[in-house]
Amino acid sequence: MLNTMLDELDHALTPVTPPMPPLVDGFGRRHTNLRISVTDRCNIRCFYCMPAEGVVFRPREELLTFEEIERFVRALVPLGIDKLRLTGGEPLVRTDLPTLVELLAAVPGVRDIALTTNGMLLDSQAAALKQAGLRRLNISLDTLREEVFERITRRQGLDRVLAGIAAAQDAGFEEIRLNAVAIRGLTEEEIIPLAEFARERKLELRFIEFMPLDAEHHWSNDQLLTGADIRRVVESRWGPLIPAPRSNPSQPAVDFQFADGRGSIGFINPVSEPFCGDCNRLRLTAEGQVRNCLFSTVEWDARRVLREGGSDDDLRALVRESVAAKAAAHGIGQSDFHQPERAMYQIGG
Ligand code: SAM
Ligand code: SF4
C-alpha cells in the first residue's frame, strides 16, 4: 500500500515532458522566437522586396499545410520556442489564416502570436484574427500619399491599408505597430506625416533600415537612411526623444517616447547598428525550410522530415543543427558579404 502511494507520488512529481536543453547556438544565444512564413505570394510588389514582373511562386503543394506548421511548432515548444510571428509574402492572402492562428494558439507553451501584414486584406479579416487568438499586429505603412504608395508597391491601394489599420483598431488588438522601410531619397518626406498619423491614432511607429534583401539586387549603401538620420528629423519637429526602457534585450528596435508624452517611436537599424549579438530568432519558410538568419545561405529541410515520416525528435535534431551552424553576424558591409539568393518575400520578413 505504502509502496503504491510512493509510486503514485513519484509519478505525480515527474514532469510529463522531460525538460529538453534549450536552443543555444555557438555564441550563447538562446532561441525562443520563430517566424513562420505562410506563403511567398503577395498582392503588391514593393520594390525593396519583390521583382516588378515575372515572379514565380512556389507551387501550392510545396507549402506546408497548417497541420504541418502546427506539428513543427509543437515539436519546438519543449526546446523553448514560445513566441511566434506569422509573415510572408503577404500572410493574409493564404486562405483561412485565422484557422492557423487558432491551431497555434492552442499549442501549450506558445505564449505569444503576432502577424506582420501589408494591411491590404486586413479590413475583412481583423476581427476573425483577433477572435482566433492573435494578440499583436505589425502593419507595414511607408507613406500616406497614394502616388508614393504606387511608386513603392507598383500597385494601388493605400486606402485599403488605411481601412485595414482602422479595422485592426476597432477589433481591439493588444498592440498594433506601424512599420516603415526607410529609403534615402524617398522616405525623408514621409517621416513627419507618418509620425503625426501614428501619434494621432496612438499607434507605435517603427522605421526599419532598408536591407540587401530585394529581389532585383538593387540595394546599395547610398539608399541607406539610418535610424539616426530619421531621429534627427523627428527631433527637429518634436524636440529630444526620451529613450524607452528596454524590457527585452533581444528586441531589435530601439524605442523612444515623445517628450510631450504623446506616443512612442522606434528604430530598427540592422545595417547601421547590427543587433546580431542578441538575436533569438529562427525562421521557417513557407515551403518548410529552416533558416537561422535572414542572410543565411544554407537551409535545413523540415518539410522532408515532416513528409517522410520523421519523428518530432528528428525535427528537433534538424533545428538544433541549424542553430548550431548560425553565424555570429550578418556581415553586411564586409568585403565577403553576399546578398542571399532569396529575397525577403521568399524568406519571410
Ligand atoms: N507582406 C507583409 C508586409 O509587408 O508587412 C509581411 C512580409 S514583409 C517581407 C515583412 C516586413 O519586411 C515588412 O515590414 C516589409 O516592409 C519589410 N521589408 C521587406 N523588404 C525589406 C528590405 N529589403 N529591407 C527592410 N525591410 C524590408
Ligand atoms: Fe509583399 Fe510585404 Fe514584400 Fe511588400 S514587403 S512585396 S507587401 S511581401
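As the structure lists them, so they are numbered: ligands from 1, and atoms in each ligand from 1.
Of the options Gln339, Glu90, Met344, the smallest heavy-atom separation from atom 19 (C) of ligand 1 is shown by Met344. The nearest non-hydrogen atom to atom 2 (Fe) of ligand 2, considering only Gly89, Gly349, Pro91, comes from Gly89.
Within the listing of ligand 1, atoms 7 (C), 9 (C) sit less than 4.0 angstrom from a heavy atom of Gly88. The Asn118 neighbourhood of ligand 2 comprises atoms 7 (S), with distances under 4.0 Å to a heavy atom of that residue. In summary, the atoms of ligand 1 found under 4.0 Å from a heavy atom of Glu209, numbered by their order in the structure, are 24 (N), 25 (C). Atom numbering of ligand 1 starts at 1 in the shown order; those under 4.0 Å from a heavy atom of Thr117 are 2 (C), 3 (C), 5 (O). Using a 4.0 Å cut-off to heavy atoms of Cys42, the atoms of ligand 2 that qualify are 1 (Fe), 6 (S), 7 (S), 8 (S). The atoms of ligand 1 that sit less than 4.0 Å from any heavy atom of Thr87 are 6 (C), 7 (C). For ligand 2, the atoms sitting less than 4.0 Å from at least one non-hydrogen atom of Ile44 are 6 (S), 7 (S), numbered in the order shown with element in parentheses.
The protein atom (non-hydrogen) at minimum distance from atom 24 (N) of ligand 1 is Met211 N, 2.9 Å. With respect to atom 11 (C) of ligand 1, the closest heavy atom belonging to the protein is Thr116 CG2, 4.2 Å. Taking atom 7 (C) of ligand 1 as the reference point, the nearest protein heavy-atom neighbour is Gly89 O, 3.2 Å. Considering only non-hydrogen protein atoms, atom 26 (N) of ligand 1 sits nearest to Val181 CG2, 3.7 Å.
Shortest non-hydrogen contact noted between Arg206 and Ile268 is CD-CD1, 4.2 Å. The shortest non-hydrogen separation linking Leu203 to Gln169 is CD2-NE2, 3.4 Å.
Among Arg304, Arg60, Arg342, Arg303, the one residue that satisfies the salt bridge (charged side-chain N to carboxylate O under 4.0 Å, His left out) test with Glu287 is Arg342. Results of the side chain to side chain contact (heavy atoms under 4.5 Å, CB included) test with Phe72 over Ile36, Val305, Leu315 single out Leu315 as the only residue that passes.
The shell of residues lying under 4.0 angstrom from ligand 1, judged by heavy atoms, excludes Gly119. Ligand 1 is never approached by Tyr345 to a heavy-atom distance shorter than 4.0 Å. The closest approach between a heavy atom of Cys42 and any atom of ligand 1 is not below 4.0 Å. For the pair Met50 and ligand 2, a heavy-atom separation below 4.0 Å is found.
Considering only heavy atoms from C-beta on, Leu63 comes within 4.5 Å of Arg58 through its side chain. Side-chain contact between Leu92 and Leu115 is present, with at least one heavy-atom pair separated by less than 4.5 Å. You'll find the side chain of Val93 reaches within 4.5 Å of the side chain of Leu121, heavy atoms only.
Electrostatic pairing of Arg145 and Glu190 counts as a salt bridge here, judged by a charged N lying under 4.0 Å from a carboxylate O. Between Asp260 and Arg199, at least one side-chain N (NZ, or NE/NH1/NH2) sits under 4.0 Å from a carboxylate O, which counts as a salt bridge.
Asn292 places a side-chain N or O within 3.5 Å of a backbone atom of Ser322 that can act as its donor or acceptor partner. Glu235 contributes a side-chain N or O that, together with a main-chain N or O of Leu241, makes up a donor-acceptor pair within less than 3.5 Å.
Not a single N or O atom of Asp214, backbone or side chain, sits closer than 3.5 Å to an N or O atom of ligand 1. Taking any N or O of Cys49, backbone or side chain, none lies under 3.5 Å from an N or O belonging to ligand 1. In terms of polar-atom proximity, defined here as any N/O pair under 3.5 Å, Ser140 does make such a contact with ligand 1.
Defined by atom type and a distance below 3.5 Å, a donor-acceptor pair is present between the side-chain atoms of Thr116 and Arg85.
Not a single N/O/S atom of Cys49, whether from backbone or side chain, sits less than 2.8 Å from atom 4 (Fe) of ligand 2.
In this structure, Glu62 places its CD atom where more than 12 heavy-atom neighbours from other residues, nucleotides or ligands lie under 6.0 Å away.
Under 4.0 Å from ligand 2, heavy atoms of Cys46 appear from its side chain as well as its backbone.
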